[in-house]
Amino acid sequence: MTEERAEYLVAHYADLLVRIGKTWLGDLDDAKDVCQTVLIKLLEDPRDFPDQVQERAWVVRLAVNECKNWRKTAWFRRRVPLDESLQLAVEDPEPEGGLLELVQALPAVYREVIFLRYYEGYEVREIAALLGRSPALVSTHLKRGKEKLRNMLGGTEYAREF
């Protein structure tokens, strides 16, 4: 049962967890560590959900909380990245120079709502429930975040999509 559950969780949520971790932490290795931690937590506390949507929302909430905890650690706050030349080539969820890098450059309040809305497809009320905010505040953060992205893009084709 545990092995089947582990295979199910990895097949359904590993990619999502790595993307959330990469967006929140900005580093693929940290994102993989967060993914592993969340998967272990899910295995240790198997909950039954009435449908896949609620289970997915729970997994996203766990991932976001784990990323917040990761960023609070002394190790994360005090580390210094290696030089670019020393970095190992690792597969990245999205090619460099993409829109995701600009989203990651946004302040956290805008970054998280834009990621959940446009990368994960959640509606405003769902994002509000996931983050513990009011739908009006989420809408405001989406609007301001999109404005900041438009300014960062400086009139390129991406700006018309928002």
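Residue numbers run from 1 in the order of the sequence given. For clarity, every value in this text was computed on a predicted model and none was experimentally measured.
Here the shortest heavy-atom pairing between R71 and L25 reads CG-CD2, 3.2 Å. In terms of heavy atoms, C67 sits closest to G21 at SG-CA, 3.7 Å. Shown here for V113 and V109, the closest heavy-atom pair between the two residues is CG2-O, 3.4 Å. Scanning all heavy atoms of the two residues, the minimum distance from P135 to A128 falls at N-CB, 3.7 Å.
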Residue pair Y119, V103: steps toward the side chain to side chain contact (heavy atoms under 4.5 Å, CB included) verdict | CA-CA 10 Å; Y119 281 83; V103 171; 4.3 Å; yes

Between W24 and V34, does the side chain to side chain contact (heavy atoms under 4.5 Å, CB included) criterion hold? Intermediate values first, please. CA-CA 10 Å; W24 272 80; V34 165; over 6 Å; no

Practice prompt. For K22 and D27, run side chain to side chain contact (heavy atoms under 4.5 Å, CB included): C-alpha distance rounded to whole Å, both residues' side-chain angles, the deciding distance at 0.1 Å, then the answer.
Written response: CA-CA 5 Å; K22 176 80 164 92; D27 182 66; over 6 Å; no

I'd like to know whether V10 forms a side chain to side chain contact (heavy atoms under 4.5 Å, CB included) with E7, so could you lay out the CA-CA distance, the side-chain angles of the two residues, the decisive distance to 0.1 Å, and finally the verdict. CA-CA 5 Å; V10 169; E7 289 175 5; 6.0 Å; no

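The shortest side-chain heavy-atom distance between E147 and Y110 does not fall under the 4.5 Å cut-off. Counting only heavy atoms from C-beta outward, the side chains of E120 and V60 never approach each other to under 4.5 Å.
Atom OG in S134 sits 15.0 Å away from atom CZ in R125 (nearest 0.5 Å). Interatomic distance, H141 NE2 to L116 CG, rounded to the nearest 0.5 Å: 13.0 Å. Rounding to the nearest 0.5 angstrom, the gap separating the CG atom in L149 from the CE atom in M152 is 6.0 Å. For the atom pair CZ (R56) and CD (E126), the distance works out to 9.5 Å, reported to the nearest 0.5 Å. Between the CG atom in L17 and the CG atom in L62 there is a gap of 8.5 Å [rounded to 0.5 Å].
Using a 30° and 60° split on the angle between ring planes, Y13 and Y8 fall in the perpendicular class, above 60°.
Under the 4.5 Å side-chain heavy-atom criterion for Ile, Leu, Val, Met, Phe, Trp and Tyr, L42 and I40 are members of distinct hydrophobic clusters. Two different hydrophobic clusters hold I20 and V53 under the rule that ILVMFWY side chains link at heavy-atom gaps under 4.5 Å. Linking Ile, Leu, Val, Met, Phe, Trp and Tyr whenever their side-chain heavy atoms come within less than 4.5 Å leaves L137 and V124 in two separate clusters.
Between the side chain of R111 and the backbone N or O of L106, at least one donor-acceptor pair lies under 3.5 Å.
Under a cut-off of 6.0 angstrom, the local environment of CZ in R144 is sparse, with at most 12 non-hydrogen atoms contributed by other residues, nucleotides or ligands. Within a 6.0 Å sphere centred on NZ of K143, other residues, nucleotides and ligands contribute 12 heavy atoms or fewer.
Judged as a ring pair (Phe, Tyr, Trp, His ring centres under 6.0 Å), and not counting sequence neighbours, Y122 has no contacts. Residues forming a salt bridge (charged side-chain N to carboxylate O under 4.0 Å, His left out) with K41 (at least two apart in sequence, or on another chain): E66.
One finds no salt bridge joining D30 and K32 here, because no Lys/Arg side-chain nitrogen approaches an Asp/Glu carboxylate oxygen to under 4.0 Å. For E55 and R47, the salt-bridge test fails: no basic side-chain N is under 4.0 Å from an acidic carboxylate O.
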